[in-house]
Amino acid sequence: MTARPLLLVTAALALVAPGFATPGDETAAGHDAGNAAEHSEPELPPHSRAPHQVDVTVHDDAWLLVNDYDTFGELAEADPERFEFVEGLLEPKDESGEVIDTYDGYRDKTGRVELRYDPEAEDVAYFERVSAERLTRGHENYIQYCASCHGLEGDGYGRSAQHLRPPPRDFRVGKFKFTKVGVENLPSDQALVDLVKKGLDGTPMYPWALTEGQLLDVIQYIKSLSPPESGWRDVYAVVKGPVDIGEDPWTNDVQGAVARGEIVYHNVGCFNCHPGYVTPARIDEIVTGEGGIAKGSYREDLTLPKIVPNTMYQVQGYKTSILPPDFTWHSIRAGRDRQGNLSALEIARTVGSGIAGSGMPQWKGSMPDKDIWAIGYYVRHLIETYHGKPQARAALMSELRGGN
Amino acid sequence: MNRLVSLVSRARVRWLATPAALLLASTAASAQEVVDRWGPTPPASTYGPRFDSLFSLITTLIGISFLIVLVMLLVPCLRDNAKKGKKAHFDHGTSLHDKRFTAVVSVVVFIVLDAWVLVRAMGDLREAYWNVPAPDTPGIFKVEVLAQQWAWNFRTPGVDGELGTPDDVITINELTVPIGRPVVFNLTSKDVIHSLFLPDMRLKRDANPGAINVAWFEAAKSGDFDILCAELCGYAHYQMHGKLHVLPEADFPAWEKDASALALAAYDANDTEARWAWDWKE
Amino acid sequence: MSGDHIHPEPTSFLRKHVFSVDHKVIAKQFMWFGLFWLLIGGIMAMLIRWQLAYPGTPMPVFGKLFFSSTGGVIDPASYNTLFTMHGTIMIFLGLTPLMIGCFGNWCIPLMIGARDMIFPLLNMLSFWTVMLGGAVAFYSLFVPLGGSEAGWTGYPTLSTTVANQGTGETLWAVAVFLIGASSIMGGINYMTTVIRLRAPGMRWTDLPLTIWGLFFTAVLNVLFLPVIGSAMILLVLDRVFGTQFYVPASIMAGGGGGDPILYQHLFWIFGHPEVYILILPAWGIVSDLLSFFARKPAFAYRVTVGAMMAVTVLSAVVYGHHMFTTGLSAMLGESFMLLTMIISVPGEILFFNWLHTIWRGSLRMDTPMLFALSVIFVFGLGGLTGLYLATISTDIYLHDTYFVVGHFHLTMAASALFATFGAIYFWFPKMFGRKLNETLGKIHFWGSLVPLTIVFCTMFVSGYAGMPRRYYDHTSADYLKPLQHLNVTTSLAAFTLGIAQLVFAFNFIKSRWWGEKASENPWEVGTLEWTLPTPVPHYNFKEIPNVVCGPHEFSNPAIPDGKDWIYQTEPLAEQPA
Amino acid sequence: MATAVELQREDPRARVNATLGMVFFIGSWSMAFGTLFLSYFILRQRVGIWPPPGIALPSFPMAAAATLVLLLSSVVLHRAVARVRRGAPGAAALWAAATAIGVLFAGMQAWLWYDLVLSGRTVESGAYESLFFGLTWVHAAHVACGLVALLWMQVGLLTGRYGVHRISPVSNAAMFWHFVDVVWVVLFVAFFVL
């Protein structure tokens, strides 16, 4: 389709050069491979495959988990012409064909939505037939804004992703790191929109200036790249919003939150991967104060972050390890709100939900929400006090290292 | 020139001189204020003031030229309006006198407007902008810049002073350099053409894919400055900026030591694809 | 074949008004075509200015119209398309057809005493080629992934499939190619016509300066449009057939070997002459208009022509000043700097000749004259600020900032546009038999000049402060945030400028059909077109005139009957010394 | 629309006009091909070793033969125009011969391409192939246009529309063909000799 409108000018060329105008991709690839072998060049990464025009048209509709709307009931009420409530709409069966459950639901008379209405679920999701036109719109925006890093095929091998660490997401895996919905959960559309709107600090993933509508289209397209086992095509899967860590308990006591955060941070052992920000003696004091048993000695490089084996990042064929951030040095990825300000809430949510595909576990449930909030405040305090302030940081470090 | 002066006085437009002088005086007086308020940030590199002084020189020269044009444009407009029964002065401008006048003005314009500026600019280029220190000059701070859609990847040598080693400090959109040492860039790009723009340093150089460009500056002020992309590079061109941190001499060694330590902590020997560094171009 | 015979006027509608070979009809076709694209390009400018003043805010009226899918917000991709197509349209589809297509066609045969262009069929083909180019450019806006987004300069590798997968970019290159082909056809026609079809007695020095400007433009068109044509062919081959002229080996596995900088050389070998292609006819027209309305001969005619010729020659050897930051060798850079600065000498000569022409004249302040005078002002501003950009050490900082935008808009856009407006006001009576309304014309003039000066002078200020061009949103960088209110000022002035053009549009439409009937020589000017009746007959001159006089013999004491002007066909009482 | 009288005898002024227009056109087109050759030499200089080692090259004997064939057709065409100018008989036959040789050249050109593709080099293989295919495609487009013009003139010569009384279209078509010829010679020298 790419050459179609060009016929006017290129017709002459095509006529005098029959057979050369559009050599098959295989031939070209074959020659390239042969050429490379001949000169025994090292194998080049797929970032640099030959440039080509792409067809942006998506031809098939896709059934995907979608929640554009705040609640599904809201949508159904807003458009009663389109939906009717049906009891026992879905009856999932097990392998032997026996009905294991029954769901009520709304039926879309237009046939575009197949849905489940689960009064128990906090987030209402429904399974919608996303039209090919909408996916095409999403694909267009994807090509324009995302493909240079995430690749034309969504495999994370964009031309600009060469040497980039951490590598861009491979959308064909269908997992996302900073959606803050918990390691096991599928993020809601809104959580994904939030991620793209805020961007990831310290990476080329910027806060993108697309409208909400455009972003939702892109997100549907990205979901359509995911594999079946990822859940986006599973009628019975649930999408989640950001992890719920409750109201901010520290609104009137930021000092207290930071102090408590320091205690929690060093008590639960964040310094096993991240650096410790107090002296070992103080850690002992903290642990004992919290009723634990002090170890007395800690790793020698306590002021440095440490790669631990399970942080190996191995999706999409990259074998690279990612260093946990030192909050006084590195910029953290997802600590900002939509206005671009550092936010204790966002940091606390990251702590609460963990980071899928990395060594950062989900802390929600392992400690009280109040402590998660305290860590949020403490990390924000660390960043505000030391990040980008070499003198303050040097002073802290010399204190921690005992004057070295 | 005499002719011009006499023409002006003969034309009874001396009243123009007063407002013109007032305008000129007030412009000169407010010039500094205008630059402070609207102008660029004060130069932060050793050669930055050269830009500012040449800019002022050119402004003065073309200001005077434009004033002359404006006067010669306004005087006839105000004075020589068509009146009944009054014919224009008939003159084809082909006399020897006119030709000499044109020649003299041309020579004056070339010398004053062009040659003067040209000589100054050549001096600036040879002594500063293009006087890039060779890679083996002791004391220089080397930076490799790998631009991409839409970010700046910087690689600095770390404590061992050599590029291409595990302790190299690799950053995205952030660059930390010492004050008082020439910072020499080698620039290239992964994909499209970008242009490294450090407005405070008065430095701009394109990063072309497939070629390496060189540039340099020496910071004269410490602080945080902007890094921008000045060549259209796609949709997020406007977002492709970073921060330049210039550290005082006292702070830099400690910073470099920590940075190298962290770089070593993050270094993954198996991840060959993450490597990039090149032979330096002079 | 040639334009010096009387041909019978065609009678069918198609042959008379659509596929006409009559240069006057083609001139009018070019005029409507150019005005249409000027409107489109102008609307694009307004959209751009809206986005720059109020980034990310839904645009009233137009937003709903063009960006309904985003609720009226201009997204970065659309913004890139907007400024790319604004540049392309204004240069190739707005000013070129108006200035060269329309007034080249209108003026050349009439002012040199010919019955038509020398190759009328080629002339028609030239219009329909640019029409096709315009159609392709227009269509490119509506293909998947949108129109071209690589800037009007279309630098690879951003314009290759390395970074731009859409068909719009390819169509853009095809459109530029077609428009270039049209200009070449026109240029060949103009050159040959001026050389071969001058009326008997018309020496080269009897040509109106308008014709000189158009002639030099034609020469530049013929020489340098093929360069951009070839560059575009290579770009299309790269995009469609997978060649690697502009794709370096470093970003392509097992192939490559191309060079993106090659394109920059080719583009600017064309691109700098293109600036003069637009400005030379403007200079010619302004030189004539100043003489016509100051009722004084053009001062030092031969020197003016020589200066224009010098600029024509120099334009071919200064292109490197567009590439001072790309990594030219020091020797090349310094040579280009010197050559560029030399242009100021012929430029200065032109200014002095213009100013001398009006000095002690008898100025008739009609609208064409006002526009001609304003060209001196805006071109003075734009030309002089070129010195900052010719000087490499200042250009390093100013390159690709709004300073450049202000500079080139004043020189090639504002000057060429104002000269075009002057020309429209001046020749309208001969074209349509009616005068454009003078009051509305003056409102249009002041409504254009004042906001335009504000628009581009604030751009100098923001460029000096370091505001880069082609930014979707300047508030993304901290140090640019304080400049945002400057952007708002610029935009408000730009909107005023846009509204003033509506006055012109109204005036044009109203006067075209219902305006005051004009006499056959309303401006009392002696060039050959004013010897003709209005409307000009199909064959122009029933008898080819015999030229005995220069075009600018105003206020010559040797003119009989106490007039201050004389037709070029009338002899002076005695030759002036 | 020309009158019958004009059809019979061409105004000598018009002949000069047409020739001058064609000269300007060819001047313009030389710039276009000049640009392509400039690109060739810049890229060639960038690649360094030329032609790049280890790749299949287009056949030199065939290219040399094609050059001779094209030169021959130009010579024949030149004689044909001289005959038309003198009003001598046999002009149309010579013209036909020149056209046929031109077609032969086009065939040899196609063989050059096929030969290269058979040995595994396509336009996407690298800078050398890009240049070779790209430049010869553009040239071939002009050969095609030239052949169309030659055929058109052939018909005109046979029907008597063109001839000694109306020579400028004929001489212009021939001039264009000579230009295409010269461009090929430069191409040949650039790719096979230097």
Side-chain angles (χ1 to χ4, degrees), chain B residues 38-41 51 54-55 58 62 65-66 69 72-73 76 80-82 86-90 92-94 98 102 105-106 109-110 113-114 117-118 121-122 124-125 129-130 149 190-193 195 197 199 202 204-206 208-210 213 226 228 230-235 237-239 241, chain C residues 76-77 80 151 155 157-158 162-163 248 250-251 260-261 294-297 299-300 303 325-327 330 341 344-345 348-349 351-352 355-356 358-364 376 380 384 387-388 391-394 396-397 399-400 461 464-466 468 470-473 476-477 479 555-557 564:
Chain B
W38 302 105
T41 46
F51 165 81
L54 189 55
F55 192 94
I58 298 178
I62 70 168
S65 314
F66 191 64
V69 169
M72 286 186 68
L73 179 67
D80 297 337
N81 270 318
K86 181 178 164 272
K87 270 193 183 179
H89 173 74
F90 177 71
H92 268 294
T94 46
D98 290 327
T102 307
V105 173
S106 302
V109 163
F110 183 75
L113 229 55
D114 295 344
V117 175
L118 190 75
M122 296 273 227
D124 285 354
L125 291 172
Y129 299 98
W130 284 347
Q149 279 181 331
K190 290 180 194 175
D191 35 43
V192 304
I193 298 171
S195 192
F197 181 26
R202 312 289 189 255
K204 188 180 289 142
R205 196 65 160 168
D206 286 5
N208 300 316
N213 258 346
D226 284 278
L228 287 94
E231 181 66 60
L232 176 65
C233 59
Y235 308 101
H237 169 49
Y238 71 105
Q239 277 174 313
H241 39 67
Chain C
N80 283 14
Y155 277 6
T157 47
L158 185 61
V162 167
S250 68
I251 54 178
I261 307 302
R295 318 305 290 171
K296 255 189 88 193
F299 188 86
V303 180
T325 61
T326 48
M341 286 184 169
S344 68
V345 172
E348 158 270 317
I349 291 174
F351 268 93
F352 269 84
L355 294 168
H356 260 118
I358 55 171
W359 194 263
R360 297 177 69 198
S362 168
L363 271 63
R364 298 185 179 177
I376 301 183
L384 284 168
L387 189 55
Y388 295 106
T391 310
I392 300 181
S393 56
T394 43
I396 288 176
Y397 175 80
H399 180 82
D400 260 326
V461 177
Y464 177 46
R470 291 168 170 172
Y471 266 31
Y472 170 72
D473 178 0
S476 65
Y479 87 109
S555 307
N556 191 333
D564 68 347

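All values below come from the heavy atoms of this structure, side chains included, with hydrogens, waters and symmetry mates left out. Here is the naming used below: chain letters follow the sequence lines, and residue numbers restart at 1 for every chain.
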Is there a ring pair (Phe, Tyr, Trp, His ring centres under 6.0 Å) between B:F55 and C:Y397? Walk through the geometry before answering.
CA-CA 10 Å; B:F55 192 94; C:Y397 175 80; 8.0 Å; no
Could you tell me which portion of [X] (side chain, backbone, both or neither) has an atom closer than 4.5 angstrom to a non-hydrogen atom of chain C?
| X | answer |
| --- | --- |
| B:V109 | side chain |
| B:F66 | both |
| B:H241 | side chain |
| B:K190 | backbone |
| B:D226 | side chain |
| B:D114 | both |

side-chain hydrogen bond (donor to acceptor under 3.5 Å, both in side chains) with C:S393: which residues, sequence neighbours excluded?
none
My understanding is that only residues two or more places apart in sequence, or in another chain, count here; which of them pass side-chain contact (heavy atoms from CB on, under 4.5 Å) with B:S195?
B:K204, B:D206, B:A230, B:E231
Is there a side-chain contact between [X] and [Y] (heavy atoms, below 4.5 Å)?
| X | Y | answer |
| --- | --- | --- |
| C:I349 | B:T102 | yes |
| C:D400 | B:F197 | no |
| B:K87 | C:S362 | no |
| C:T326 | B:I193 | no |
| C:Y155 | B:V192 | no |
| C:F351 | B:M72 | no |
| C:T325 | B:N213 | no |
| C:F299 | B:D98 | yes |

For chain B, which candidate among C:P76, C:G361, C:P468, C:P260 shows the most heavy-atom pairs at distances under 4.5 Å?
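Most heavy-atom pairs within the cutoff with chain B belong to C:G361.
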Chain B: which of C:S476, C:A300, C:A477 shares the most heavy-atom pairs with it under 4.5 Å?
C:S476
Hey, mind stepping through C:L384 and B:I58 against side-chain contact (heavy atoms from CB on, under 4.5 Å) and telling me if it holds?
CA-CA 9 Å; C:L384 284 168; B:I58 298 178; over 6 Å; no
Region of C:D473 in contact with chain B, defined by heavy-atom distances below 4.5 Å:
both
Does the B:D191 side chain pair with the main chain of C:V162, one donor and one acceptor, at a distance under 3.5 Å?
no
